[in-house]
Number of protein chains: 2
Amino acid sequence: MNPRLPDLRDRSDARRPKGRPRSHEAHVAILKAALSEVHELGFRALSIDSLSVKSGIAKTTIYRRWPNKAAVVMDAFFYEIGPGIAFVPCEKSVDSIQIQMQALAKAFRGKFGPLIKALLGEAQFDPELAEAFRDRWIAPRREAAKAVIRDAIGKEELRSDIDLDTTIDALYGGLYYRLLIGAGPLSQAYVDDLFRHVMGGLRPRSRKGSRQA
Amino acid sequence: MNPRLPDLRDRSDARRPKGRPRSHEAHVAILKAALSEVHELGFRALSIDSLSVKSGIAKTTIYRRWPNKAAVVMDAFFYEIGPGIAFVPCEKSVDSIQIQMQALAKAFRGKFGPLIKALLGEAQFDPELAEAFRDRWIAPRREAAKAVIRDAIGKEELRSDIDLDTTIDALYGGLYYRLLIGAGPLSQAYVDDLFRHVMGGLRPRSRKGSRQA
DNA sequence: ATACAAATACGATACGGAAAGGATCGTTAA
DNA sequence: TTAACGATCCTTTCCGTATCGTATTTGTAT
């Protein structure tokens with residue numbers, strides 16, 4: 001996983017290894033080929049051979065850097081998504097959460113949906129891929145979410161007795177559920193609904209049926 | 001998908017087709033071989049060839065009945081799980097929901113976890129499999145859940161303004177999330193936590209910090 | 001009833017193709 | 001000198017199809 005890119009930062013103390021360095025152009029060419037193949041033909045139709053043809057990079061070179069096609073596509077995914085879907089600060093922290101949920105759903109609906117589906121699908125059979133996906137995609141987002149949730153608790157926008165992990169699961173589980181199982185659209189309205197349901201709870205609040213946004 | 005079994009119920013009006021009927025023994029032998037292979041070696045290591053060897057049934061016969069190994073494993077899954085995880089009626093309908101969530105999580109933790117992971121993983125690349133899984137596994141359970149939720153609403157255990165589908169997603173999304181992503185255990189405590197969070201909501205209830213089960 | 005034909009499943013085998021993944025080796029860039 | 005690159009070859013595995021003789025059922029004629 002995580003192939004070492006040639007270290008282009010020339011820190012004078014960090015000595016370059018002796019031989020011919022790995023080609024950065026080759027690296028990018030492969031990732032771009034992987035993206036176009038997975039978008040046009042799908043993950044299953046992609047093979048290291050087809051990648052080699054499309055990118056013009058020898059198959060052996062690809063195998064020198066990645067153990068399998070899933071690892072390539074994973075790197076391609078992060079190459080394309082860059083810093084990813086971040087939380088934008090809002091006056092109310094819960095708004096920040098809702099907006100981020102909408103952003104994630106939008107990514108799921110768009111070109112990243114098939115990529116994440118493919119990676120998670122493959123991860124069901126490849127523990128290393130699963131771990132890498134958790135470390136590189138899931139965990140950072142969960143950490144960011146926890147910070148926002150803590151803020152929200154501090155501002156008394158959320159209960160003080162909630163568990164952070166469970167809260168994240170309750171909010172985001174539905175999004176991944178719909179992405180992976182497809183039992184319903186990932187529409188904007190759905191995300192708002194899900195957010196409202198989890199925020200407000202399912203139990204009757206009081207005698208006066210007050211519905212909160 | 002769904003290969004026709006020889007109709008052993010001899011309804012006198014339902015005429016048997018002319019030729020040699022399909023062997024029920026062969027059918028069961030294949031499903032059992034599929035189960036043992038997927039449990040022992042995993043879905044990826046399973047192939048139609050290995051299935052043929054293990055079951056003693058010719059490869060051609062398997063291909064006559066199923067289009068690919070995923071379809072075999074899907075039938076094997078339903079063969080093993082039988083009627084599946086049902087809702088048991090309780091005095092309070094919400095208890096029935098919580099108990100069913102625990103049962104599902106237990107199945108995920110047990111021998112059905114790998115099976116469902118494999119089927120859903122494969123479904124990310126096979127739209128027909130995905131649809132079949134939704135139709136045969138997801139949809140019936142959601143329908144059953146809806147009935148219970150409607151009951152609960154009728155008994156004023158749940159708010160009257162909730163959306164059934166969104167409610168189900170909020171409750172069960174986290175379970176599938178943990179099964180498929182593995183970001184945390186599917187423990188009994190977790191299920192109770194998730195249930196409590198979704199039921200009670202995340203927003204502060206009142207000035208008195210009353211925590212409800 | 002018995003014999004035979006038609007229909008269909010089964011088993012065995014062979015085949016072509018795709019892809020994985022490794023090995024070799026001459027070439028190229030530091 | 002060192003290590004990456006590209007080209008090529010190779011074995012293995014599996015897929016999915018095709019062929020063909022055998023076995024088991026139903027329908028029909030005797």
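In what follows, every chain begins at residue 1, and chains take the letters A, B, ... in the order their sequences are listed.
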Relative orientation of the end axes in the helix from C:dA1-D:dT30 to C:dA30-D:dT1, expressed as an angle to the nearest 10° (five pairs per end): 10°
Phosphate OP1/OP2 of D:dC5: any A:Arg65 side-chain N/O under 4.0 Å: yes
Test salt bridge (charged side-chain N to carboxylate O under 4.0 Å, His left out) applied to A:Lys59 - qualifying residues, sequence neighbours left out: A:Asp49
Within residues 103-123 of chain B or reaching into it, pairs that qualify as salt bridge (Lys or Arg N to Asp or Glu O under 4.0 Å) - sequence neighbours excluded: A:Arg44-B:Glu122, B:Glu80-B:Lys111
Cation-aromatic face contact A:Arg178/A:Tyr190, 6.0 Å, 45 degrees: yes
B:Lys54 and B:Ser36 side chains, donor-acceptor separation under 3.5 Å: yes
Side-chain-base donor-acceptor pair under 3.5 Å for A:Arg20 and C:dT28: yes
Residues which pass ring pair (Phe, Tyr, Trp, His ring centres under 6.0 Å) with B:Tyr172, listed by chain and number, not counting sequence neighbours: none
Atom of B:Leu119, atom of B:Ala70 and distance for their closest heavy-atom approach: CD2-O, 3.9 Å
Close residues, residues 37-64 of chain A, relative to DNA chain C [heavy-atom separation under 4.0 Å]: A:Ser47, A:Ile48, A:Asp49, A:Lys59, A:Thr60, A:Tyr63
B:His27 versus B:Arg22, side-chain donor and acceptor atoms under 3.5 Å: no
Qualifying salt bridge (Lys or Arg N to Asp or Glu O under 4.0 Å) pairs with a residue from residues 139-149 of chain A, counting only residues at least two apart or across chains: A:Arg142-A:Asp165, A:Arg142-A:Asp169, A:Glu143-A:Lys146, A:Lys146-A:Asp165
Closest listed nucleotide, where the reference is the side chain of B:Lys18 and the choices are D:dG16, C:dA7, C:dA20: C:dA7
